[in-house]
Amino acid sequence: MPVSVTSSKLIYDCLKDVGVRLMSALPETWLVHLIRMAEDDADMQLVRLAKEEEGVGISAGAHLAGTSSAMLMQNHGFLASVNGIVSCAQLYRIPLLMLITHRGEFGERDPWQTEGGGVTEHVLDALRIPYTKLDSPDHVSKRIHKAHTLAQSASRPVALLLCRDLMWEDA
Amino acid sequence: MKRRDAIESVFADLEQCVLVTIMGATAAEVQSIGHRPNFFYLQHAMGLASSMGLGIALTRPDLKVVVFDGDGSILMNLGGLTTLARYRPRNLVHVVFDNESLLSVGGFPTATATGTDIAGIATAAGVPKATTVSGIDDFRAAFLNALNGDELTTIVAKVEAVGPAAYVTDLSLLENRYQFQRYLKVRRPSQ
């Protein structure tokens with residue numbers, strides 16, 4: 001599987017570095033290494049979800065209780081979480097650090113992923129969620145740190161789009 | 001059994017717990033009995049009160065967490081029951097007030113009115129202990145049992161489809177949120 005272990009490790013280490021101690025996740029191909037890293041880390045509480053929107057509630061509870069968290073999901077999982085994001089995280093000013101795999105971009109081979117890719121950024125814009133792309137290892141650390149900082153200072157959700165050029169080795 | 005009476009019967013026992021409730025009637029009834037800084041009312045995001053309770057319970061084993069859920073809310077997040085069951089935090093008591101209706105939006109029947117058994121779903125999802133009660137004494141006994149016990153428990157309390165006249169209270173959402181967060185911070189054990 002050509003999902004990049006190196007990039008996954010870089011992302012994981014940055015998340016640890018900014019203080020993330022709980023990750024909610026619903027598996028998707030590009031996330032396999034990140035999820036395994038969380039599984040193997042005694043200092044990380046991994047919460048496996050049935051559906052991504054649950055992760056909004058879990059992160060909200062963890063935040064109010066004093067733990068920094070991150071959400072790992074596919075863009076279709078983000079689309080499935082919109083009400084929770086709006087009526088829990090935004091309504092109650094909860095910082096969310098959402099790492100969203102940006103499926104359906106240029107280079108996408110799976111026909112079923114192609115609709116989601118085209119709407120993800122528009123939905124993020126409509127929800128007024130600040131986001132940036134992670135598409136090269138060079139800026140991963142800086143952007144994760146900055147995203148986390150803004151989520152905390154604004155007390156709002158932010159998103160990082162994990163892109164093909166970073167996550168997939170034969171992109 | 002009326003939900004408000006059921007809540008009142010365990011109100012004193014909530015003092016040392018952390019409470020997360022769903023929106024609307026349940027939140028208003030708790031506040032009509034008395035608001036405390038350790039109570040959080042999720043005034044929207046139906047279905048996520050149990051997920052919030054899980055997030056608190058997993059990260060704060062020092063706390064006993066109680067969730068007041070409803071049939072309409074949990075039916076929107078049945079998958080969340082499988083997540084609760086997967087992690088089965090010992091410090092979480094999950095109460096579902098089941099009035100078999102979406103009371104605040106016209107009283108239309110939920111699926112529990114036509115036979116859906118939430119305690120049965122919870123059991124099948126893997127929640128270690130799930131029970132249905134329909135009288136105050138049984139509710140209070142089941143609640144105290146769960147509170148003093150050491151096992152994730154879902155208690156489905158069958159209640160009448162009646163609620164308060166109004167749902168908006170004078171506690172603002174963000175005031176509640178920051179007060180609750182502060183409470184959890186102050187109670188955090190020193191490390």
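In the text below, chain A, chain B and the rest are named by the order of the sequence lines, each starting its count at 1.
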- Query: Do any pairs count as a salt bridge (charged side-chain N to carboxylate O under 4.0 Å, His left out) and have a residue in residues 129-144 of chain B, sequence neighbours left out, and if so which ones?
  - Reply: B:D13-B:R140

Under 4.5 Å, counting heavy-atom pairs only, tell me which of [options] racks up the most with chain A.
{"options": "B:Q181, B:Q43, B:M46, B:K185", "result": "B:Q181"}
{"options": "B:L54, B:L63, B:L174", "result": "B:L174"}
{"options": "B:G55, B:G53, B:G47", "result": "B:G55"}
{"options": "B:L58, B:L81, B:L78, B:T82", "result": "B:L58"}

- Point-to-point distance, once rounded to the nearest 0.5 Å, from SG of A:C14 to CG of A:L160: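 One gets 10.0 Å once the value is rounded to the nearest 0.5 Å.
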
- Message: Pair B:T132, B:K158 - check side-chain contact (heavy atoms from CB on, under 4.5 Å), show working.
- Response: CA-CA 7 Å; B:T132 301; B:K158 287 285 188 181; 3.9 Å; yes

- Query: Between A:P95 and A:H63, is any pair of side-chain heavy atoms under 4.5 Å apart?
  - Reply: yes

- Query: Is there a side-chain contact between A:E169 and A:S7 (heavy atoms, below 4.5 Å)?
  - Reply: no

- Message: For the residue pair A:H33 / A:Y12, report whether a side-chain donor-acceptor contact shorter than 3.5 Å exists.
- Response: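 Side-chain D/A pair, A:Y12 to A:H33: absent.
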
- Residue pair A:S69 / A:R21, side-chain donor-acceptor N/O under 3.5 Å: no

- Query: If you draw a 6.0 Å radius around CG in B:D62, do more than 12 non-hydrogen atoms from other residues or ligands fall strictly inside?
  - Reply: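 Count over threshold, so yes.
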
- Query: Does any heavy atom of chain A fall under 4.5 Å from the side chain of B:R60, the backbone, both, or neither of them?
  - Reply: side chain

- By a 4.5 Å heavy-atom criterion (distance strictly below it), what part of B:Y183 contacts chain A: side chain, backbone, both, or neither?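 Interface part for B:Y183: neither.
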
Using heavy atoms and a sub-4.5 Å threshold, report which of [range] line up against chain B, by residue number.
{"range": "residues 122-155 of chain A", "value": "A:S155"}
{"range": "residues 82-89 of chain A", "value": "A:N83, A:G84, A:S87, A:C88"}
{"range": "residues 46-59 of chain A", "value": "A:L46, A:V47, A:R48, A:L49, A:A50, A:E53, A:E54, A:V56, A:G57, A:I58"}

Looking at [Y] and [X], is there a salt bridge between them, counting it only when a charged N and a carboxylate O are closer than 4.0 Å?
{"X": "B:R3", "Y": "B:E29", "answer": "yes"}
{"X": "A:E108", "Y": "A:R103", "answer": "yes"}
{"X": "A:K9", "Y": "A:D13", "answer": "yes"}

- Hey, which of B:T116, B:D98, B:D71, B:N99 is the one that makes side-chain hydrogen bond (donor to acceptor under 3.5 Å, both in side chains) with B:T110?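 Among B:T116, B:D98, B:D71, B:N99, the one meeting side-chain hydrogen bond (donor to acceptor under 3.5 Å, both in side chains) with B:T110 is B:D71.
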
- Is the ring centre of A:Y92 less than 6.0 Å from the ring centre of B:H44?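 Between A:Y92 and B:H44, the centre distance exceeds or equals 6.0 Å.
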
- Task: Check whether NZ of the Lys or CZ of the Arg B:R36 lies under 6.0 Å from the centre of the six-membered ring of B:F180 and within 45 degrees of that ring's axis.
- Result: no

- Item | Least distance between heavy atoms, B:T169 atom then B:A28 atom |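 Scanning both residues, the minimum pair turns out to be CG2-CA, 4.2 Å.
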
- Given a strict heavy-atom distance threshold of 4.5 Å, which part of A:L22 is in contact with chain B: side chain, backbone, both, or neither? side chain

- Hey, can you tell me if B:F97 and B:F139 have their rings parallel, tilted or perpendicular (30° and 60° cut-offs)? tilted

